[in-house]
J.: 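Okay, handing you the structure first.
Naming: A, B, ... by sequence-line order, numbering from 1 per chain. Just so we're clear, the structure is a prediction, and the values are computed from it rather than from any experiment.
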Amino acid sequence: MNSVDPREAISRAHRDEWARVVASLTRRFGDLDIAEEAAAEAFATAVERWPADGVPPNPGGWLTTTANRKAIDRIRREHKRDDKQQEARLLYDDDPAEPADAIDDGRLRLIFTCCHPALSMEARVALTLRMVGGLTVPEISRAFLVQETAMEKRITRAKVKIKAARIPYRVPSAEDLPARVSGVLAVLYLVFNEGYLATGAGPDPVRHDLTAEAIRLTRLIRALMPDDGEVAGLLALMLLTEARRAVRVSASGELVRLDEQDRGAWDAALIAEGHRLVRERLAAAAAGVAPGRYQILAAISAVHTSARDPRDTDWSQVVALYDQLVLLDSSPVIALNRAIAVAELDGPEVALAAVDRLAQSLAGYHPYHVTRADLLRRLGRGQQARAAYDKAIELAGNTAETAYLTRRRDQLG
Amino acid sequence: MMYLISVIAAGAGLATPDEMAAIDVFNDRLNSEGHWVFAGGLAPPGSATVIDNRGGQSIITDGPFLESKEYLAGFWIIEAADLDVALRLATEGSRACNRKVEVRPLR
């Protein structure tokens, strides 16, 4: 017993231990559903007991032991009439306690299982936030503006498929690893972007809970796979983006563009950490390791966040990085972002020509219309700019962005 | 654990000699690595007959139970330790027969 504030201890344990507990139980009982339920019950028990009994000296160990008991209770209940099966299941109970690094390995297994390519992207996101992140179903539903029952069903269906199709609970083989890691990163980047560019009718233009959760999970993967360049790249990209969060939306709820942000209000600690990671990857690239797309995106972000004044931005460097990115990813969205940098280097006319070539593939993508509107405005083509703003406002789903675009449109002569 | 790999074809057209040769190579591999359970190619869906004897009086209908552009053209039943192994084999099977495939576990 000690004098730690039990409420704080519980939320810290939830943050630090949830995934460990779920991973260790999944390994022991071979069943995500049992692991999730037992972990949730163990935390509920802690909420009841810790304030009265005091915080145990080893909260993680206490939670794992309690969750194990809950899981065994459930299995006993379910197999009351099936003694043989009960016996077989409870043999697992004799497993020796896992060493610390095996538990970390367990969390990695858990992440790869939740992000398995045989699950739909929506299911991967939900399952990862629930099993690894420890978010509750109501929290996940709120974040994605989905009804709770629908979200519950999505998670249940994924768990059933994992069991029925025997999606393995392990770190993929070396042969599959690069593709699978990039699948995990795609899930985390999606969670981050959903937080950063929140869509839908929700009033919050940025959902900090989601960006923070995405960063926390990416940090975890970074700790588990410290040698993976793309993991470092994605973490850097998230940190350099998150650093600008506070000034990205004005007091009146309007989006503030990168070149209009108060750079002094950026989070210097996050930027320093992001720059450190980018430098680490640049050193690896100099040693001949070709960077992946997250590393290049992070490097672009590092160029922007290195300029104290937007006029000091090294646009030739930005364009050169986009040239590198286009070789890896020929998607029109990358080409659009490259054109935005080209506008700063070679002028809006050259950029507009490049943007107009994307008309067919990006007609339904609002940043395409935002970019066109801005270039047309700079070229003094007011009427066309207005039409492009109208289209952009119609397609934009984010409240802060709509407010910004409306003002921009109304400023046209 | 056993998995059914269904070969999904669209339009008429049997496997070409090249595809047949690639399928033979794949089958040999399934055999030598202990994954092989059973496999077969199916005659065109137009040759199917549906029987419904649920009500005690059997009804016979000409044609497949589902009319669609895509149809089941053949299948493998394989033995695999888990879905990752099954997916890897199915990926090779798809390339060998040059068709889409679906992987589904047997209960």
J.: A:Tyr169: what forms a ring pair (Phe, Tyr, Trp, His ring centres under 6.0 Å) with it, not counting sequence neighbours?
T.: none

J.: Would you say that more than 12 heavy atoms from the other residues, nucleotides or ligands in this model lie under 6.0 Å from the CG of B:Asn53, or not?
T.: yes

J.: For A:Arg69, I'd like to know if atom CZ has over 12 heavy atoms of other residues, nucleotides or ligands within 6.0 Å.
T.: no

J.: Residue by residue, which of residues 17-42 of chain B have a heavy atom closer than 4.5 Å to a heavy atom belonging to chain A?
T.: none

J.: Taking heavy atoms only and a threshold strictly under 4.5 Å, list by residue number the residues of residues 63-90 of chain B that touch chain A; give 'none' if the list is empty.
T.: B:Ala81, B:Asp82, B:Leu83, B:Asp84, B:Leu87, B:Arg88

J.: Got a sec: does the CE of B:Met2 have more than 12 other heavy atoms crowding it under 6.0 Å?
T.: no

J.: Where is the tightest heavy-atom contact between B:Pro105 and A:Ala165, given as atom of each residue plus distance?
T.: CG-CA, 3.5 Å

J.: Using ring pair (Phe, Tyr, Trp, His ring centres under 6.0 Å) as the criterion, list what pairs up with A:Phe192, not counting sequence neighbours.
T.: A:Tyr196

